[in-house]
Protein chains: 2
Amino acid sequence: MDIPSTSIPELVEGTAPDRPLAALEQLAILGRYDTDQCVYHCNDSIEHWYRVVRGAARSSALSDDGRRYIVDFVFPGDLFGFCGQRARHFCVEAIVSGTLIARYPRDRAEKLADCNPQIARNIRQAAFESIARMQKRTAILGRASALEKVSGFLLEMSDRGAAAATGTVFLPMPRYDIADYLAMAVETVSRTLTELRTRRTIVFRDPRHVSICDRGALEHFASGLIDPQRQPATRREQRTHEDLSRSLPQPVISSSRTATPKVQSGEQRCS
Amino acid sequence: MDIPSTSIPELVEGTAPDRPLAALEQLAILGRYDTDQCVYHCNDSIEHWYRVVRGAARSSALSDDGRRYIVDFVFPGDLFGFCGQRARHFCVEAIVSGTLIARYPRDRAEKLADCNPQIARNIRQAAFESIARMQKRTAILGRASALEKVSGFLLEMSDRGAAAATGTVFLPMPRYDIADYLAMAVETVSRTLTELRTRRTIVFRDPRHVSICDRGALEHFASGLIDPQRQPATRREQRTHEDLSRSLPQPVISSSRTATPKVQSGEQRCS
DNA sequence: CGCCAACTTGACGTCGGTCAACCGATGTGG
DNA sequence: CCACATCGGTTGACCGACGTCAAGTTGGCG
């Protein structure tokens with residue numbers, strides 16, 4: 001393997017609730033990666049689990065026609081590299097130079113989990129968090145408009161500790177990565193960010209550092225509602241894409257149809 | 001609780017590799033659901049894990065403006081309802097009438113896993129498969145065009161045992177659900193299916209039963225999302241707008257730009 | 001200072017969302 | 001048994017958001 005590594009089992013920075021993973025950490029092998037350097041390749045066999053210690057990485061795949069898909073970004077504390085299959089379906093590359101990633105030999109980790117229920121729970125928990133993350137990500141991807149996607153993305157980045165300390169969100173990845181993550185063109189990402197900037201919803205310190213000025217507005221965009229500041233626009237002519245649809249729909253009527261088009265009543269009470 | 005249930009711990013049909021989950025199955029409570037009936041709601045606390053025994057279900061959420069998105073479909077054998085958080089973020093509803101779903105009290109299942117490593121491994125495996133499924137799903141959603149999305153969807157449905165026996169794929173969900181799953185309009189789903197039909201790529205027995213006539217073409221449309229396990233497929237010759245671009249990129253050069261636009265040289269060799 | 005990558009902005013064409021109508025299957029009541 | 005309503009699905013027409021191509025601007029590093 002071409003992976004540079006030290007064998008210093010270093011404690012994971014950034015892990016939120018400081019778990020008693022000491023025994024697991026004994027297995028850790030720490031690797032340092034430069035920008036775009038590969039942590040593992042597509043079709044590799046699965047021999048390790050990984051955890052980001054410092055920096056950030058992306059999980060991606062290329063399709064036949066040369067386009068790229070980014071399936072996930074991982075940040076300090078995130079455990080990744082789980083897979084139900086026999087081989088990797090994606091490759092993982094560091095985004096920022098000096099990214100530190102710990103890897104845990106899978107068989108040994110599994111054995112450890114076998115005799116230590118606490119470790120097994122922790123791993124399970126990490127997997128569950130990974131699922132939750134993927135689901136939320138799916139929800140963002142599934143949004144229709146560029147404004148919704150980008151707003152959702154900014155909120156996600158803001159929430160995932162990537163920023164934390166200062167009020168600013170750090171976007172370690174280039175616009176290209178954002179575009180591939182959101183399944184849209186780089187230009188549209190850029191345009192949408194500018195739109196948010198001119199609306200004063202966000203402010204750029206530099207292209208990679210954003211401050212969220214109006215989080216409420218972002219959340220509003222992300223869930224596909226009407227423009228907050230602007231007037232409800234009594235008429236429908238010059239309406240732009242963001243003051244879409246009407247305000248809050250009420251259920252009440254009980255139609256059996258569980259369609260998208262409008263609101264359905266059904267028995268669910270999802271927010 | 002309004003959930004109808006019997007306490008017959010029935011063996012799960014459709015589970016592929018017949019696992020020794022006997023002890024876990026002792027905990028199972030079987031429920032029967034009609035179409036659109038809710039298995040659990042959004043914001044419910046997390047008290048069970050679930051497994052589809054027969055039928056199918058969808059995991060979905062509503063956004064503020066009344067649109068719905070479907071995060072996942074689950075079929076017989078699929079274990080679901082894992083969650084890193086404290087409360088559900090989605091609700092799950094049966095798609096077909098007579099859907100059978102087993103539920104396992106979470107705390108008791110966890111305890112069982114604590115003292116039975118094999119069960120712990122099985123649960124972990126199920127979680128990993130769930131992750132893999134979500135990732136593949138993300139790849140489909142991330143595809144740009146309607147044709148790609150729908151083709152990817154059909155392949156997914158075909159692969160996920162939903163069909164199996166006969167050569168035809170059964171689509172248990174209405175078009176609306178497909179639309180919300182793929183984040184597109186129902187009309188577009190319909191139009192795209194007709195296009196595939198006129199191209200003779202697929203044939204409908206009825207709106208819910210499709211036969212895939214030219215799987216190679218579908219894979220080609222879906223362009224690269226193919227499950228690596230599957231056989232090399234037919235070939236890519238007479239296809240439309242796609243050209244096979246270059247083959248495999250060599251490592252070596254370290255270009256900093258990992259762009260989408262065209263093909264970049266980078267060091268990855270994802271298929 | 002000058003180069004190149006990263007990012008932004010502009011112009012234009014198109015894919016797909018929206019609105020609306022239509023069709024067949026199923027069901028319900030008279 | 002046949003009107004009539006309802007629901008799922010399909011088709012058509014229109015137009016706006018976004019992808020594409022191309023040029024311009026910023027910023028980081030030699």
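To find a chain, count down the sequence lines: A is the first, B the second, and so on, and within it residues start at 1. Everything numeric here is computed off the predicted structure, so don't read it as measured data.
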Starting from the 5' end of DNA chain D, give me the residue, A/D206 or A/K149, whose nearest nucleotide shows up first.
A/K149
Rounded to whole Å, CE of B/M184 lies from C1' of C/dG17 at a distance of 10 Å
I need the CE-P distance between A/M173 and C/dA6, as an integer number of Å.
15 Å
For A/R67, is there an ion pair with B/E148 - N to carboxylate O distance below 4.0 angstrom?
yes
Look at the rings of A/F80 and A/Y50 and say which category their plane angle falls in: under 30° parallel, 30 to 60° tilted, over 60° perpendicular.
parallel
Can you measure B/L171 atom CG to D/dT10 atom P for me and round it to whole angstrom units?
11 Å
Residue whose closest nucleotide on DNA chain D lies nearer the 5' end, A/P207 versus A/V189
A/V189
Main-chain N/O of A/F75 paired with A/D78 side-chain donor or acceptor, under 3.5 Å:
yes
Should the pair B/R199-B/D214 be classified as a salt bridge under the 4.0 Å nitrogen-to-oxygen rule?
no
Give one of base, sugar-phosphate or nothing for A/S190, where a contact means two heavy atoms less than 4.0 Å apart.
base
Between CZ of A/F204 and C1' of C/dT9 the distance, given in whole Å, is 14 Å
Is the phosphate of C/dT8, meaning OP1 or OP2, less than 4.0 Å from a side-chain N or O of A/T194?
no
How close or far is atom P of C/dG17 from atom CG of B/L182, stated in whole angstroms?
10 Å
Counting only side-chain heavy atoms from C-beta out, which of D/dT10, D/dG8, C/dG16 sits nearest to B/T188?
C/dG16
Could you state the atom-to-atom distance from OH of A/Y176 to C1' of D/dT20 in whole Å?
13 Å
Please determine, for the side chain of A/A146, which listed nucleotide (D/dG9, D/dC18, D/dT11) has the closest atom?
D/dC18
Which nucleotide sits closest to the side chain of A/R197: C/dG17, C/dC7, C/dT9?
C/dT9
Closest listed nucleotide, where the reference is the side chain of A/R191 and the choices are C/dG16, D/dT11, C/dA11
C/dA11
Side chain A/E187 and base C/dC7 donor-acceptor under 3.5 Å
no
From CZ of B/R175 over to P of C/dG17, roughly how many Å is that when rounded to an integer?
16 Å
For the residue pair A/F73 and A/Y181, does the interplanar ring angle fall in the parallel (under 30°), tilted (30 to 60°) or perpendicular (over 60°) class?
tilted
Starting at CD of A/E195 and ending at C1' of D/dA17, how long is that distance when rounded to a whole Å?
11 Å
